[in-house]
Amino acid sequence: MGNVIGSAVRRREDPALITGKGKYTDDFCLPGQTYAVIVRSPYAHARVGTVDTSAAEAVPGVVGVFTAADIEASDAGGVVPTAWLLPDMKTPEHPILAKDIVRYVGDGVAVVVATDRYVARDAAELVEVDYDPLPAVVDPKAATAQGAAQLFEDVPRNIAFEWDIGDREKTAAAFDGAAHVAEVELRNNRLIPHAVEPRAALASFDEHKGELTLRMTSQNPHVHRLLMSLASINLPEHKIRIITPEVGGGFGSKIHHYPDEAIVAWCAMKLNRPVKWTATRSETNLTDAHGRDHVTKAEIALDAEGKILGLRVHTYAAMGAYLSTFAPAVPTILYGTLLSGQYDIPAIYVKVWGTFTTTAPVDAYRGAGRPEATFVVERLLDLAGDVTGLDPTEVRRRNFVNPGNFPFLTQVALEYDSGNYEPALDRALEISGYGELREDQKRRRESGSDKLLGIGVSCFIEACGLAPSQVAGALGAQAGLWESAKIRVHPTGSVTVYTGSSAHGQGHETTFSQIVAGRLGIDLDQVEIVHGDTGEVQFGMGTYGSRSAAVGGSAIATGVDRVIEKGRKIAAHMLEAAEEDIVFEDGEFSVKGSPDRAKAWGDVVLAAYLAHDLPEDMEPGLEKTAFYDPSNFVYPFGTHIAVVEIDRHTGEVELVRYIAVDDVGNVINPMIVEGQVHGGVAQGIGQALWEEAVYDENGQLLTGTLLDYAVPRSHGLPSFETDRTVTPCPHNPLGVKGVGEAGSIASPAAVTNAVVDALKPFGVRHLDMPLKPEKIWRAMQP
Amino acid sequence: MAHQIRVEVNGEVQEREVEARKLLVHFLRDDLGLTGTNVGCETTLCGACTVWIDGQPVKSCTQLAVQADGTRVTTIEGLADGSKLHPMQEAFWEEHGLQCGFCTPGMILAATALLDTNPNPTEGEIREALKGNICRCTGYHNIVKAVQKAAQGGASNG
Ligand code: FES
Ligand code: FES
């Protein structure tokens with residue numbers, strides 16, 4: 001069974017999901033259940049006058065209509081806090097229902113609860129709110145201008161924080177002495193996550209026990225419970241049980257602690273009956289935390305040979321109307337620190353302004369800061385190629401961190417634990433047939449072909465499994481970033497694992513059972529994985545930031561090793577051998593050198609529970625818990641290549657090939673790893689070609705439906721060509737890194753570089769995403 | 001106002017009273033408890049709610065329950081033959097054609113309907129046929145492979 005790790009085991013999650021038996025939050029119904037609809041502001045910024053609920057209350061079937069005044073009159077905390085505090089950051093309060101001022105379209109002002117979902121919607125229409133509109137501001141840089149609309153009285157120029165990293169003087173000196181300099185002003189387009197399952201919550205309250213049970217769409221139920229208890233409702237943590245049933249995708253959007261789920265919980269307690277809320281698609285688009293939205297100026301300095309001397313980046317990052325849960329970390333710790341990319345850069349300076357805008361809050365979305373960083377670095381490297389006259393692959397090659405220099409300390413505070421960048425580039429070039437592609441491009445340019453060919457390279461690095469907790473704390477995290485696992489071995493030798501990771505499509509039940517079965521040498525069906533229920537699982541941090549294999553999996557491996565350790569002691573006692581002479585292999589404890597002196601896994605486990613004859617001072621039973629706090633991030637990397645054809649007459653882009661070579665260290669289930677790459681790549685391609693959340697100057701979201709916001713559909717994408725190199729992580733027990741975000745980090749830059757490459761004959765140096773035909777057509781006009 | 005409707009759902013006749021405005025998907029989910037059909041957008045744009053009406057794929061979020069009166073509706077719960085999975089379900093499992101699974105019931109029903117009319121589609125035809133069904137997890141790569149695999153195995157609905 002040892003080789004179960006590394007094999008493409010079919011997912012145990014799937015039988016329920018392909019037959020419609022899997023249960024998502026909205027699939028649960030409780031006796032006496034009611035439905036909540038949240039009344040939302042149609043204005044981006046307005047003073048709220050009277051809220052008249054009487055007409056809504058009069059509708060038959062309505063059981064309650066509540067406003068901020070009701071929450072304030074209760075003993076609930078009534079706010080959702082941010083959980084990441086940067087130095088000198090302004091943290092205005094974010095009430096779960098807006099009090100005097102609404103600050104984005106979608107800000108909740110009231111909640112209507114009724115016995116029927118249609119009645120609740122009807123009644124919500126009847127809530128009369130007096131709004132006195134105020135000016136809006138939607139651009140993160142414009143928000144800092146004198147005279148711009150100000151969201152909070154005590155936050156002048158809407159600046160929530162200013163943050164910098166690197167050495168300003170050293171970087172300025174590098175630019176002074178440079179042979180070549182290239183710069184670009186760019187915008188990283190605002191994105192809407194679009195998990196296909198909208199957010200939902202179903203709360204019920206047991207008044208006798210004083211216990212709230214909340215089923216909800218969450219990537220981190222314990223974090224939600226903690227924040228809910230600390231700040232939103234008035235219940236101690238141990239009286240709240242959060243269950244995350246099947247969750248239909250998250251991509252970050254289900255990490256954050258939003259007002260809505262807290263409102264539902266509050267209503268269930270207030271009304272003492274179950275309350276369900278399910279967002280409509282337009283509600284998710286208005287209120288799910290968006291991603292990206294940066295305005296950036298970036299510069300690179302090189303010597304005459306094309307070696308990078310310095311990198312300087314200034315970024316305005318939208319926070320939206322309030323500071324969402326992990327929002328301040330995204331454009332700082334997860335962005336500024338990534339701006340060294342795969343390169344040995346001697347001087348870097350990064351300055352970031354996080355600003356309030358009258359828009360939906362912005363927070364972590366697949367990649368969170370790292371796609372933005374990769375986009376900056378990889379656009380600059382292409383421009384560096386232009387100014388030095390080097391092929392884009394050559395200028396990258398000249399600047400890769402040398403494989404002999406790991407661990408490598410960058411100028412922006414990260415220590416890359418391991419890496420070997422050239423083989424991944426070489427492999428991607430080989431798969432793509434890079435030389436032939438360049439020749440084809442040359443031929444087409446000479447013949448004036450109608451189909452312009454573009455080739456884009458993106459050499460990316462990702463830092464995931466944010467750690468260790470001590471460092472995260474120093475950087476502002478109000479939580480640890482470890483993960484937990486409890487390994488419960490049953491008397492017959494089967495195992496239940498309780499993991500703090502919380503899957504929402506990643507296939508953890510399969511991958512984690514492979515780890516356990518592989519390490520213990522038992523059958524996969526002897527292992528059960530339990531997750532996503534604070535009533536069953538010890539505190540855990542959840543699933544985001546590509547952390548679950550590297551941190552969650554390592555916690556499980558550590559716990560399993562502790563179980564084996566105890567088993568070894570018991571086996572030594574049973575075999576009358578010294579503990580250090582006992583080897584454990586393929587589910588059997590045996591004495592080194594005499595394999596016939598052996599005890600099977602099951603015998604040792606049974607002995608632990610019978611406890612008739614255990615080593616002195618040993619407790620019965622076999623159960624171990626691990627809280628695994630990694631010593632560093634993990635650093636997956638790779639090279640992706642996009643090949644596009646652009647119609648010279650219409651500006652339409654066809655992505656004809658996409659090659660992804662990833663290094664995610666050791667792989668537990670290659671099928672699942674590849675699936676993660678595919679999904680991430682598709683999301684990044686969406687950002688590059690189609691996706692953009694657009695607000696007009698009044699703060700109205702113009703892309704509030706799937707008609708105006710174009711997520712990738714099957715006919716817009718090719719099949720992907722994937723491969724891997726393997727550089728194991730040196731500091732975790734599995735040698736694994738992360739893979740969930742890699743695709744979305746690499747692909748926006750690869751695709752954009754390809755499009756700009758195709759347009760070079762037209763003198764184009766840069767275009768902002770999304771690369772829609774009109775933009776490209778205009779760029780081609782003389 | 002309530003209307004009496006008679007619908008055959010997954011081979012079972014259902015006679016119920018429904019409000020005129022009730023969506024078919026809410027009838028299936030709330031009244032019949034068939035929660036395999038998911039709601040992703042309520043606006044005909046994501047395909048998560050795809051079911052068959054008289055063998056044709058239909059987005060059940062933009063049909064009223066009363067419109068289904070007198071028809072035969074098949075949902076994901078009715079696709080397998082007892083405990084034997086439909087070959088399209090098998091193929092999605094085998095090829096890792098799903099991650100979170102939320103789009104999957106609609107995707108499987110849409111894909112199966114494609115093979116009914118075109119048992120040997122090209123990759124382009126598969127991608128074209130599924131463009132009304134959004135999957136945010138898989139990038140469609142393995143969904144295409146699953147449909148190809150099902151086609152090779154002759155997985156049309158017969
Ligand atoms: S829910 Fe029907 S198409 Fe989206
Ligand atoms: S598997 Fe998650 S949306 Fe398709």
Side-chain angles (χ1 to χ4, degrees), chain A residues 8 10-11 13-24 26-29 117-118 193-198 246-251 278 280-282 503-507 671-672 674-683 685 705-707 711-720 722 743, chain B residues 19 21-22 26 29-30 33-48 75-80 85-86 88-90 92-105 108 123-124 126-145:
Chain A
R10 289 209 293 189
R11 299 203 321 170
E13 288 86 348
D14 291 359
L17 299 175
I18 54 181
T19 53
K21 302 276 160 48
K23 281 210 176 301
Y24 300 86
D26 188 58
D27 297 347
F28 289 86
C29 286
R117 69 166 90 223
Y118 291 83
H194 275 299
V196 180
E197 179 202 26
E246 296 295 345
V247 177
F251 317 111
T278 308
T280 63
R281 176 59 45 187
S282 31
H504 39 285
Q506 292 86 349
M671 176 190 82
I672 287 177
E674 268 171 47
Q676 289 292 314
V677 171
H678 298 154
V681 163
Q683 260 167 315
I685 293 169
T705 75
L706 282 163
L707 266 186
V711 301
R713 293 177 183 266
S714 47
H715 64 312
L717 296 172
S719 284
F720 308 123
T722 56
Chain B
E19 242 192 290
R21 63 172 170 174
K22 178 166 276 189
H26 288 148
R29 290 176 53 82
D30 296 351
L34 294 170
T35 54
T37 305
N38 291 325
V39 180
C41 74
E42 271 185 35
T43 46
T44 335
L45 292 166
C46 78
T75 71
I76 191 68
E77 288 93 340
L79 190 63
L85 292 175
H86 186 279
M88 187 64 78
Q89 291 170 312
E90 277 286 355
F92 266 69
W93 189 10
E94 198 62 47
E95 294 296 329
H96 189 29
L98 61 148
Q99 291 179 25
C100 79
F102 200 77
C103 71
T104 310
I108 287 177
E123 173 173 350
I126 294 170
R127 288 183 178 276
E128 200 54 39
L130 296 180
K131 71 182 181 192
N133 291 69
I134 291 175
C135 176
R136 195 58 158 163
C137 296
T138 63
Y140 307 101
H141 182 106
N142 286 341
I143 290 177
V144 171
K145 274 171 60 184

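This one's a predicted model, so the numbers in the text were calculated from it and none came from an experiment. Computation of the quantities below employed the complete heavy-atom set of this structure, encompassing side-chain atoms and omitting hydrogens, waters and symmetry-equivalent molecules. Convention: sequence-line order gives letters A, B, ...; per-chain numbering from 1.
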Exercise for review: Find out whether A/Val711 and B/Ile134 are in side-chain contact, i.e. whether some heavy atom of one side chain is under 4.5 Å from a heavy atom of the other.
Suggested key: yes
Revision key, fill the gap. Scored by heavy-atom pairs under 4.5 Å with chain A, the best of B/Gly101, B/Gly40, B/Gly36 is B/Gly40
Revision key, fill the gap. Nearest heavy-atom contact between B/Thr138 and A/His678 is O-CB, 3.3 Å
Review point. Looking at B/Cys41 and A/Leu706, what are the two nearest heavy atoms and their distance?
Key: CB-CD1, 4.0 Å
Point to revise | Shortest non-hydrogen contact between B/His96 and A/Ile672, atoms and distance | key: NE2-CA, 3.8 Å
Check your understanding: To the nearest 0.5 Å, what is the distance between CD (A/Gln506) and SG (B/Cys137)?
Key -> 8.0 Å
Exercise for review: Go through the structure and list residues passing side chain to side chain contact (heavy atoms under 4.5 Å, CB included) with B/Glu123, not counting sequence neighbours.
Suggested key: A/Ser719, B/Arg127, B/Val144, B/Gln148
Practice item. Would you check if B/Thr43 and A/Thr705 make a side-chain contact, meaning some heavy-atom pair closer than 4.5 Å? Key: no
**Study point:** B/Lys131 to A/His715 - nearest heavy-atom pair and separation
**Key:** CB-ND1, 3.3 Å
Study note, to complete from the structure: If one checks every heavy atom of A/His194 against chain B at 4.5 Å, the contacting part turns out to be both
**Study point:** Rounded distance [0.5 Å steps], CE in B/Met88 versus CD1 in A/Ile18
**Key:** 12.0 Å
Point to revise | Passing option when A/Tyr118 is tested against B/Lys22, B/Glu19, B/His26 for side-chain hydrogen bond (donor to acceptor under 3.5 Å, both in side chains) | key: B/His26
Review point. Which bit of A/Val681 comes within less than 4.5 Å of chain B, counting heavy atoms only: side chain, backbone, both or neither?
Key: neither
Check your understanding: Taking all non-hydrogen atoms of both residues, which atom of B/Ile76 and which atom of A/Gly20 are closest, and how far apart?
Key -> CG2-CA, 3.5 Å
Point to revise | B/Leu34, part contacting chain A, at a heavy-atom distance under 4.5 Å | key: neither
Practice item. Can you see which heavy atom on A/Leu717 is nearest to which on B/Gly139, and at what distance? Key: CD1-O, 3.8 Å
Revision key, fill the gap. Contacts of A/Asp26 meeting side chain to side chain contact (heavy atoms under 4.5 Å, CB included) (sequence neighbours excluded), chain-then-number -> A/Arg117, A/Lys276, A/Thr278, B/Arg29
Check your understanding: Ignoring hydrogens and geometry, is there a side-chain-to-backbone donor-acceptor pair from B/His141 to A/Phe720 under 3.5 Å?
Key -> yes
Exercise for review: Against chain A, label B/Lys145 side chain, backbone, both or neither, depending on which of its atoms sit under 4.5 Å from a heavy atom there.
Suggested key: neither
Check your understanding: Considering only heavy atoms from C-beta outward, does the side chain of B/Gln99 approach that of A/Gln676 to under 4.5 Å?
Key -> yes
Point to revise | Proximal component of B/Leu98, with respect to chain A [non-hydrogen, under 4.5 Å] | key: both
Check your understanding: Where on A/Ile685 is there a heavy atom nearer than 4.5 Å to chain B: the side chain, the backbone, both, or neither?
Key -> neither
Exercise for review: Tell me, out of A/Gly249, A/Gly675, A/Ala682, who's got the most heavy-atom pairs with chain B below 4.5 Å.
Suggested key: A/Gly675
Point to revise | Per-residue contact mode, B/Phe102 against chain A (heavy atom under 4.5 angstrom) | key: both
Check your understanding: With chain B, which of A/Ser282, A/Ala195, A/Pro193 has the greatest number of heavy-atom pairs at distances under 4.5 Å?
Key -> A/Pro193
Review point. When you measure from the side chain of B/Tyr140 to the backbone N and O of A/Pro712, does any donor-acceptor pair fall under 3.5 Å?
Key: yes
**Study point:** Contact origin within B/Thr104 toward chain A - heavy atom pairs under 4.5 Å
**Key:** side chain
Review point. Chain B: which of A/Arg10, A/Lys23, A/Arg281 shares the most heavy-atom pairs with it under 4.5 Å?
Key: A/Arg10
Practice item. For the pair B/Arg136 and A/Glu197, find out whether any cationic side-chain nitrogen is under 4.0 Å from an anionic carboxylate oxygen. Key: no
**Study point:** Contacting region of B/Glu42 [heavy-atom separation from chain A under 4.5 Å]
**Key:** side chain
Review point. Any idea which of A/Gly679, A/Ala8, A/Gly716, A/Ser714 has the most non-hydrogen atom pairs under 4.5 angstrom with chain B?
Key: A/Ser714
